[in-house]
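Scroll down for the structure; my scribbles are underneath it.
Throughout, protein chains are lettered first and strands after them, A, B, ... in sequence-line order, and every chain is numbered starting at 1.
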Amino acid sequence: MRLKGAILLIFLWYLVSAITELPHPHEVAETFFILLFNSEPVLGKTLVQHAAASLLRVLTASLLAFSIAIPLGIVSALNRTLAEVVTPMVEALRPIPPLAWIPLAYVIFAPLPNTVQVSQIFIVFVGAFFPCFVSVFDYSRNVPEELLEMARVFKAPERLILRDVVLPHSLQGVLSGIRIGLGVGWMSIIAAEMIATSGEGLGYFILVMYEVGGRTAEIVAGMAMIGVIGYLMNTLLLKAERLVMPWR
Amino acid sequence: MKRLVAIAVTLAILLAGCQQAEVGEGKIKVVTMSPRDMVEQLKLGGIDAFVAWEPFVSEAVVNGNGKIIATSADIWPNHPCCVVATTEKDDRELVTAIVWAHVKATRFINNPDNREKVIEYAMEFTGKSREVVDEAMKRIKFIEYPDEEEFVKYFENLKRGGYLKKSVKELGYESEDDFFQDFLYKDVYDYVNSKLAENESWVPEKVNKTVRVGYLTADLHQLAFYVAMKEGYYSQVGLLVEAKEFANGVMEMEGFKNGEIEVGYLGGAPATLKRVNDDVRISIIAGANSEGSAIVAKDASSIEELAGKKVAIPGFGTVQDFLLRMVAEKAGLEITT
């Protein structure tokens, strides 16, 4: 079935290429494989280098986001008072797209050195934080009430309840939270790189290729790289989920 | 399991490229940003130097955030800069009217008697202070048609740097000479110039048309456009001008391509790059200025001192990009991104 889907996609692609300026799949594939390890003349970097730069930013920012979102999600789920404070804030800020934060980020971080880098990391942070928090919070909140009650009846210490009852139940939320958060973060970094100069990165690469002109194949190759990495991240994390939670 | 290993290996390869090296010795790190951002970033220390056009050079100088270490006039005398381009080259009446207004405005600017008025127009057009404009005007050469030889030199630079994706043959020209004859369309300018030489107060016939003209935000090089409007040169030839502002030349070329404008003031660089690479069919009917750019640094006082520093340019393949490459080569420095 998957193969059929791929063939259909390529067929449709050829069809669109025939009537528009979109380069043909084989042209893009050629450019893609050449640029993977050979530097592109204008920027002097390979696609792998650009991808690595973007990925590094995403991983840094996401790590930061997850290290706050996950504990906060679990604790808010357990503590009603905290939940009442945190959830309205999250619900108010969550619908704002990460990109809408860009101008504000520049203003706020202007006094810092490396404003652009800091802003990009902040934008990915915003993108990764909310989906992760929501996922963790939802799963942790849905720990069966009976289990908690039983543990309390047996006078289990809070620490044990957390470790043996709540955490295993929120694990699914944590893992999906990481997966979704990384996905959104990945989309945010590409867009953030397009708006401000970053010297390297896939978004920057695509933008420069567009500005210099006549490089549609390079543009699509850059997009393909984004897709490949996004797909790899998702697949890898799905595998990890199965590894960590074999009972699912 | 096998698949998992394969994915992990791929990811490891990707991450291996992550070790970002600091700017190496004997190298200049180049980043791109809009000149407006450059002034701000130089002040904040995000970059160590920039190459840009006026009035941004003077703005940084007057504000005390940077000093000029080389003007473009030193590096590349008479280098092309802003031009007037059109997609409607064959509408001779229209082109004549546009060129006439442009030439009149340029002569108005270059006439020392109008100095006070010109400075005022420049302040209105750019929104900068008198001090900045005064300083900037010293370095801009307002011209009527670009130096063709220097334009060809720029084209050669683009070719050598690998910026051009198409050959002139692919664009449907027999030779480069053929291409330049069409691209640098000087006929109308020569005609207007000779008519004005015969009779200074010659005015071409009224065309009674609306024309959409693109220009770049606060680009002092394009002052002639503003002066032509303010001094009523367009109305004298029966042109109703609808001005369209663009953030940069690339966007303006997109405007040409999508039929949003018929005439535009823009940099020679995006005009040439997009003319060749994306086959946006424009011709250059007049020049707006030559020179008028400079390398501005925060601390460095010579090109050699830019080694290991971060320098901003407005874009790859721009005249400013080449200005930097030319001085870097002379100083034995390499450019990296």
Side-chain angles (χ1 to χ4, degrees), chain A residues 21 36-37 39-57 59-60 106 109-118 195-200 204-205 207-218 225 228-229 231-240 242-243, chain B residues 1 3-4 6-8 10-11 13-20 23 29-34 37-38 40-41 43-47 158 161-166 170 248-251 253-254 269-270 272-280 310 312-318 321 334-337:
Chain A
E21 279 182 40
L36 213 48
F37 296 108
S39 33
E40 178 281 324
V42 173
L43 284 171
K45 287 204 170 108
T46 65
L47 264 185
V48 171
Q49 281 172 313
H50 285 298
S54 299
L55 211 53
L56 193 68
R57 287 178 194 139
L59 293 180
T60 316
Y106 286 153
F109 298 122
L112 295 182
N114 274 331
T115 312
V116 173
Q117 294 261 0
V118 176
I195 291 184
T197 186
S198 34
E200 53 192 346
Y204 183 63
F205 168 78
L207 187 73
V208 171
M209 290 303 102
Y210 160 71
E211 280 177 350
V212 176
R215 285 165 168 75
T216 325
E218 277 85 344
M225 194 71 186
V228 167
I229 291 179
Y231 177 80
L232 283 181
M233 283 200 307
N234 198 38
T235 322
L236 206 66
L237 285 166
L238 277 175
K239 298 254 176 203
R242 251 168 258 158
L243 224 66
Chain B
M1 202 54 209
R3 265 237 219 96
L4 192 66
I7 292 171
T10 324
L11 216 67
I13 293 174
L14 287 175
L15 282 169
C18 281
Q19 275 80 39
Q20 282 171 298
V23 185
K29 185 173 169 66
V30 168
V31 295
T32 56
M33 61 182 74
S34 77
D37 293 340
M38 291 178 191
E40 195 66 14
Q41 286 294 318
K43 188 168 106 193
L44 296 171
I47 52 174
L158 283 178
Y163 289 101
L164 301 182
K165 269 277 169 168
K166 288 191 178 127
E170 283 171 79
N248 59 50
V250 172
M251 296 314 293
M253 285 302 280
E254 219 58 42
T272 312
L273 277 171
K274 292 272 174 184
R275 169 69 189 89
V276 176
N277 283 338
D278 292 340
D279 202 8
V280 181
K310 203 165 161 190
I313 55 170
F316 291 98
T318 58
D321 179 11
E334 217 183 294
I335 302 274
T336 67
T337 54

Which portion of [X] sits near chain A, non-hydrogen atoms under 4.5 angstrom:
X        : value
B:Glu254 : side chain
B:Leu273 : both
B:Met253 : neither

Taking atom CD as the centre, does A:Glu21 end up with more than 12 heavy-atom neighbours from other residues, nucleotides or ligands that are less than 6.0 angstrom away?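 Counting other residues, nucleotides and ligands, CD of A:Glu21 stays at 12 neighbours or fewer.
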To check you understand the geometry: which heavy-atom pair defines the closest contact between B:Lys274 and A:Glu211, and what is its length?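 For B:Lys274 and A:Glu211, the tightest heavy-atom pair comes out as CE-O, 3.4 Å.
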Distance, nearest 0.5 Å, that separates CD of A:Glu200 from NZ of B:Lys29: 5.5 Å
Under 4.5 Å to a heavy atom of chain B? For A:Val212 that would be both
Sort A:Glu40 into side chain, backbone, both or neither according to what part of it lies under 4.5 angstrom from a heavy atom of chain B.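 Answer is neither: A:Glu40 stays 4.5 Å or more from chain B.
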Please identify each residue that fulfils salt bridge (Lys or Arg N to Asp or Glu O under 4.0 Å) with B:Asp37, with sequence neighbours left out. none
B:Arg275: partners by salt bridge (Lys or Arg N to Asp or Glu O under 4.0 Å), with sequence neighbours left out: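 Salt bridge (Lys or Arg N to Asp or Glu O under 4.0 Å) list for B:Arg275, sorted by chain: B:Asp279.
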Determine yes or no for a side-chain-to-main-chain donor-acceptor pair under 3.5 angstrom, with A:Arg215 supplying the side chain and B:Tyr163 the backbone. yes
